[in-house]
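In what follows, a single structure is set out as structure tokens and then discussed.
Scope of the values below: all heavy atoms of this structure, side chains included, with no hydrogens, waters or symmetry mates. As the structure lists them, so they are numbered: ligands from 1, and atoms in each ligand from 1. One-based numbering along the sequence shown.
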Amino acid sequence: MKNNQSCLNIVSAFKNKEASPTESVKNYLAEIDAQRELNAFNFVFSEAALHSAEAVERKIEKGTAGKLAGLVVAIKDVLSIEGKPLTCSSKILENFIPLYTATAVQKLIDEDAIIIGKTNCDEFAMGSSNENSAFGSVLNPVDHTRAPGGSSGGSAVAVAASLCDFSIGTDTGGSIRQPAAFCGVYGLKPTYSLVSRFGLTAFASSFDSIGPFGKYIDDVALALEVLAGHDPKDSTSFMSQPADYVNDLSARGEKLVIGIPDEYFSSGLQPEIKTEIEDVVSRLANAGYEIRCIKLPHTDYAIAAYYILTTAEASSNLARYDGVRFGYRGQDSRTVADMYKNTRSEGFGTEVKRRIMLGTYVLSSGYYDAYYKKAQKVRRLIKQDFEKAFGEVDIIITPTSPTTAFKLGEKTTDPLEMYLSDIFTISTNLAGIPGLNIPIGSDNQGLPIGMQLLASHFCESKLLQLGKFIEKNIL
Ligand code: GLN
């Protein structure tokens, strides 16, 4: 069976015995091996995946298999799976094996998905190009000299290069949507708190979201349906029953009103991205959608607020890696203090160290009010911008990234340049709202162009419905 089928079709082919999960796992393992050069995986679980495939086949035989029966899934290496390595692509977690499984991963397993491996990413999910990884860069499958985006680069590539049926990433400031845009696949960052973060290695706890990458809109809807829902192990997780995302897909959102914010179409935007999005928007207008210009006036302050708040949270979250409890321990230390210092100096990469220092600085006495407190106020203003906008429109359309995939090495010497590549995705995380990347075309070099749809808190169904309409009727 070819793997250009939607996940729903693959599951029904397995249930009708037109294809088998074992064959599918074997095909993907061969493909992962053939495309090793992409460096999308930190770990591949060949034997365990084949073993799971057999178990799923027995369940299919008995008629007890779950919603994701036999689907092959790749997991970003920041999520815990009991007994399997968890590195966050960092030397500091070398040889660390967790004792429990993240709720998000457990939910996939409970529905009979097969976990094929853990994907490469930027160290502790800090980056936009997947170049900050102790496992080396991931290559963009469309052009191997270019970045796949980050931080969930390996998960985006695993889907784009057909190394799995769907994959899981995390998004703190754009790490699902931007790599999805660079690689030409769908990527959904759910509303903050819709998916449990239990077992996710924390980067910035008030921003981190877990979400899926897929080749089709139906695939991300199906994955979200399984991932979403309250978890008593995550005190921030949303209490209510999540929506029925797959069934909701077939309902065309009646008279959805679409907003276009000026602030996202400024001069820094690659002209072909602008043209492609304008084309989609005018087709939506022709199809009867109302299009309105809206304002998100505090957009300019988003990057500064994000890098103050997330580094502050990261400096606190990453304090636990001290050589005592997890993974790597610094060499040749004579005192305990020396051991902490050596562990952290040798174990963390440059970008992670930069962020720990920045975060410690903005939280330090005398600077807290000037930076951290002020950034929290800006966060509130950005959230209010969206609340006001969603009083007038159902969906906001923006570019996902200001450019298509840039060259590997192009931005590594200038952190600020790298930070600016997330300019269109970061506000979403400050506000906690959901965002979806849709691949809408390519530029004159054949590189994928992504368009971002944003909706109000817990309105994922609207995002998916409009996404489906665009996938089916516009592209
Ligand atoms: N690129 C952004 C950063 O470096 C976003 C990362 C993310 O979403 N995990 O922080």
### Query
Any chance the side chains of Lys76 and Ser155 put a donor and an acceptor closer than 3.5 Å?
no
### With sequence neighbours excluded, residues passing side chain to side chain contact (heavy atoms under 4.5 Å, CB included) with Val378
Tyr301, Ala305, Ile382
### Message
Tell me every residue that passes side chain to side chain contact (heavy atoms under 4.5 Å, CB included) with Asn132, counting only those two or more places apart in sequence or in another chain.
### Response
Asp122, Glu351
### Query
What side chain to side chain donor-acceptor pair (under 3.5 Å) pairs are there with at least one residue in residues 92-105, not counting sequence neighbours?
Thr103-Asp231
### Query
Would Ser6 and Asp218 satisfy side chain to side chain donor-acceptor pair (under 3.5 Å), going step by step from the backbone distance to the final call?
CA-CA 7 Å; Ser6 78; Asp218 295 29; 5.1 Å; no
### Task
Take Phe41 and Phe135 through the test ring pair (Phe, Tyr, Trp, His ring centres under 6.0 Å) and record every step on the way to the result.
CA-CA 9 Å; Phe41 284 85; Phe135 291 80; over 10 Å; no
Please tabulate, one line per pair, the protein nitrogen or oxygen atoms found under 3.5 angstrom from a nitrogen or oxygen of ligand 1, with distances to 0.1 Å, or say none if there are no such pairs.
unit_1: ligand 1; atom_1: 1 (N); unit_2: Gly127; atom_2: O; d: 2.9
unit_1: ligand 1; atom_1: 1 (N); unit_2: Ser128; atom_2: OG; d: 2.9
unit_1: ligand 1; atom_1: 1 (N); unit_2: Asp422; atom_2: OD2; d: 2.6
unit_1: ligand 1; atom_1: 4 (O); unit_2: Gly127; atom_2: N; d: 2.9
unit_1: ligand 1; atom_1: 4 (O); unit_2: Tyr307; atom_2: OH; d: 3.4
unit_1: ligand 1; atom_1: 4 (O); unit_2: Arg355; atom_2: NH1; d: 3.3
unit_1: ligand 1; atom_1: 4 (O); unit_2: Arg355; atom_2: NH2; d: 2.8
unit_1: ligand 1; atom_1: 8 (O); unit_2: Thr172; atom_2: N; d: 2.7
unit_1: ligand 1; atom_1: 8 (O); unit_2: Gly173; atom_2: N; d: 2.6
unit_1: ligand 1; atom_1: 8 (O); unit_2: Gly174; atom_2: N; d: 3.3
unit_1: ligand 1; atom_1: 8 (O); unit_2: Ser175; atom_2: N; d: 3.0
unit_1: ligand 1; atom_1: 8 (O); unit_2: Ser175; atom_2: OG; d: 2.6
unit_1: ligand 1; atom_1: 9 (N); unit_2: Ala125; atom_2: O; d: 2.8
unit_1: ligand 1; atom_1: 9 (N); unit_2: Ser151; atom_2: OG; d: 3.4
unit_1: ligand 1; atom_1: 9 (N); unit_2: Ser175; atom_2: OG; d: 2.7
unit_1: ligand 1; atom_1: 10 (O); unit_2: Tyr306; atom_2: OH; d: 2.7
unit_1: ligand 1; atom_1: 10 (O); unit_2: Arg355; atom_2: NH1; d: 2.8

